[in-house]
Amino acid sequence: MRRLGRSFFAGDPAAVARALLGTLLVVRDGPTKRVARVVETEAYGGADDPASHAFRGPTPRCAVMFGPPGVLYVYKSYGVHWCANVVTGPRGTASAVLVRAAELLAPEPGHLRGPGRVTRALGVTGADSGSDCSARDARVFFARDAVGLAGADVEATPRVGISRAVERPWRFVVCAHPALSRRTPAST
DNA sequence: CCAAAGATGTTCT
DNA sequence: GAACATCTTTGGT
C-alpha cells in the first residue's frame with residue numbers, strides 16, 4: 001500500500017477524479033484506522049465552472065481551492081453534512097475533486113453512499129479542511145493498493161445535485177458498484 | 001420499489 | 001433573503 005504524493009493531485013480535476021477511483025481513503029484516529037475504497041468522484045473547476053464554489057473567485061469558505069494540490073477542502077452542505085474534497089491543479093488555479101461514495105473496509109465493511117455518509121463514517125470534519133493529504137504525518141490521506149479497480153469499468157456521467165453546467169460529464173463512477181450514490185440511467 | 005418534500009444552518013448577495 | 005456539490009422520512013404505486 002503506497003500513499004499518494006502531492007504530484008498525484010497536480011493535474012486537472014477531471015483527470016485526478018478519474019485516477020482516484022479505486023484508491024483508498026485512510027483516516028488515522030489514534031490507534032485505529034478507518035479505510036474506504038473510493039468508487040465515485042466529481043471534478044470541480046474554478047472560473048470556468050459555474051457549478052463550482054470557486055466560480056466567483058475566492059471566498060473565506062473556498063479559498064483553499066486556490067491553494068496547492070493535495071490539500072483537503074471540507075465544507076458543510078445544507079448546514080448538515082460535511083463533504084470532503086481534495087484540491088487539484090497548480091497553486092493559483094481553483095479546482096478540486098469531491099469524494100461522493102466509497103466502500104468501507106475498516107473498521108467494518110459497509111457502503112458509504114453519498115458524500116455526507118463518507119465523511120460521517122470516516123470521521124472527517126471541517127477541522128480537516130486545509131490539511132495536506134500528502135504530508136508524512138497527515139491524519140487523512142489517500143493510498144494505492146494491489147486491488148485498485150480490480151478490473152472494473154469506469155464511466156463518466158453528469159454531476160449530481162447541481163443546477164448549472166449540468167451537462168459536463170465530470171462525475172466518475174466504478175460501473176455497477178453497490179455503493180454508488182445514484183444509479184446511472186440505462187442508456188439504450 | 002420510486003417519487004416527493006421536509007429538515008437544517010452556513011454562505012454569499 | 002435566497003441558494004445550496006445532501007440525507008431521511010413519508011406516502012403512493
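Quick note on labels: first sequence line is chain A, next is B, and so on, each numbered from 1. These values consider heavy atoms only, across backbone and side chains, with no hydrogens, waters or symmetry-generated copies. Given the structure is predicted, the values throughout are model-derived calculations rather than measurements.
Put simply, the side chain of A:L104 does not reach to within 4.5 Å of the side chain of A:P109, judged on heavy atoms.
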Pair A:V99-A:N85, side chain to side chain contact (heavy atoms under 4.5 Å, CB included): steps then yes or no = CA-CA 6 Å; A:V99 179; A:N85 302 248; over 6 Å; no
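As a whole-Å value, the separation of A:W82 CH2 from C:dT6 C1' is 14 Å. Following rounding to the nearest Å, A:E40 (CD) and C:dA5 (P) show an atom-to-atom distance of 16 Å. Atom-to-atom, CZ of A:R61 to P of B:dT13 comes out at 10 Å; the value is rounded to the nearest Å. Summarising the geometry, the separation between CG on A:L180 and C1' on C:dC7 is reported as 17 Å, rounded to the nearest angstrom. A straight line from CZ of A:F55 to C1' of C:dA5 spans 15 Å, rounded to a whole angstrom. Atom NZ in A:K76 sits roughly 14 Å away from atom C1' in C:dC7 (whole-Å rounding). Whole-Å rounding puts the A:H111 NE2 to C:dC7 P distance at 16 Å. The interatomic distance linking A:L98 (CG) with C:dA5 (P) rounds to 10 Å, in whole Å.
Phosphate contact (OP1/OP2 of C:dC4, side-chain N/O of A:S163, threshold under 4.0 Å): present. Under 4.0 angstrom from either OP1 or OP2 of C:dA5 there lies at least one side-chain N or O belonging to A:H53. For the pair A:R56 and B:dT11, the criterion of a side-chain N or O lying under 4.0 Å from OP1 or OP2 is not met. Using a 4.0 Å cut-off, some side-chain N or O of A:R100 falls inside it from OP1 or OP2 of C:dT6.
Pairs engaging residues 122-134 of chain A under the side chain to side chain donor-acceptor pair (under 3.5 Å) rule: A:R6-A:D132, A:D128-A:R139, A:D132-A:S134 [sequence neighbours left out]. Residues in residues 142-152 of chain A take part in these side chain to side chain donor-acceptor pair (under 3.5 Å) pairs, two or more places apart or across chains: A:R37-A:D145. Sorted by first then second residue, the ring pair (Phe, Tyr, Trp, His ring centres under 6.0 Å) pairs that include residues 76-125 of chain A, not counting sequence neighbours, number zero. Pairs engaging residues 90-102 of chain A under the side chain to side chain donor-acceptor pair (under 3.5 Å) rule: A:E40-A:R100, A:T88-A:S95, A:R100-A:S181 [sequence neighbours left out]. Among pairs with a residue in residues 48-59 of chain A, those fulfilling side chain to side chain donor-acceptor pair (under 3.5 Å) read A:D49-A:R159, A:H53-A:Y73, at least two apart in sequence or across chains.
Pairs of Watson-Crick or G-U wobble type, with distances under 3.5 Å, assemble into runs of 3 or more in DNA chain C at these ranges: B:1-7 with C:6-12, B:9-12 with C:1-4.
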Along nucleotides 1-8 of chain B, 5' to 3', which nucleotides get a B, which get an S, and which get a -, given that the test is a protein heavy-atom distance under 4.0 Å?
-> -------B
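Set against B:dT10, C:dT6, C:dT8, the side chain of A:R120 has C:dT8 as its closest nucleotide.
A:D12 meets the side-chain hydrogen bond (donor to acceptor under 3.5 Å, both in side chains) test with no other residue; sequence neighbours excluded. By the salt bridge (Lys or Arg N to Asp or Glu O under 4.0 Å) test, A:R34 is found to be paired with A:D29, residues two or more places apart in sequence or in another chain being considered. With sequence neighbours left out, the side-chain contact (heavy atoms from CB on, under 4.5 Å) criterion links A:R18 to A:L149, A:V154, A:F172.
Results of the side-chain contact (heavy atoms from CB on, under 4.5 Å) test with A:V140 over A:L25, A:V74, A:L122 single out A:L25 as the only residue that passes.
The hydrophobic cluster containing A:L105 also includes A:M1, A:L24, A:V26, A:V35, A:F141, under a criterion of side-chain heavy atoms closer than 4.5 Å among ILVMFWY residues, counted directly or through chains of members.
At a threshold of 4.0 angstrom between heavy atoms, the contacts of A:I162 are confined to the sugar-phosphate backbone, with no base atom among them.
Taking a 4.0 Å limit (strictly below) on heavy-atom distances, residues 86-95 of chain A does not reach DNA chain B anywhere.
Toward the 5′ end of DNA chain C lies the nearest nucleotide of A:R164, the other residue of the pair A:P115 and A:R164 mapping further downstream.
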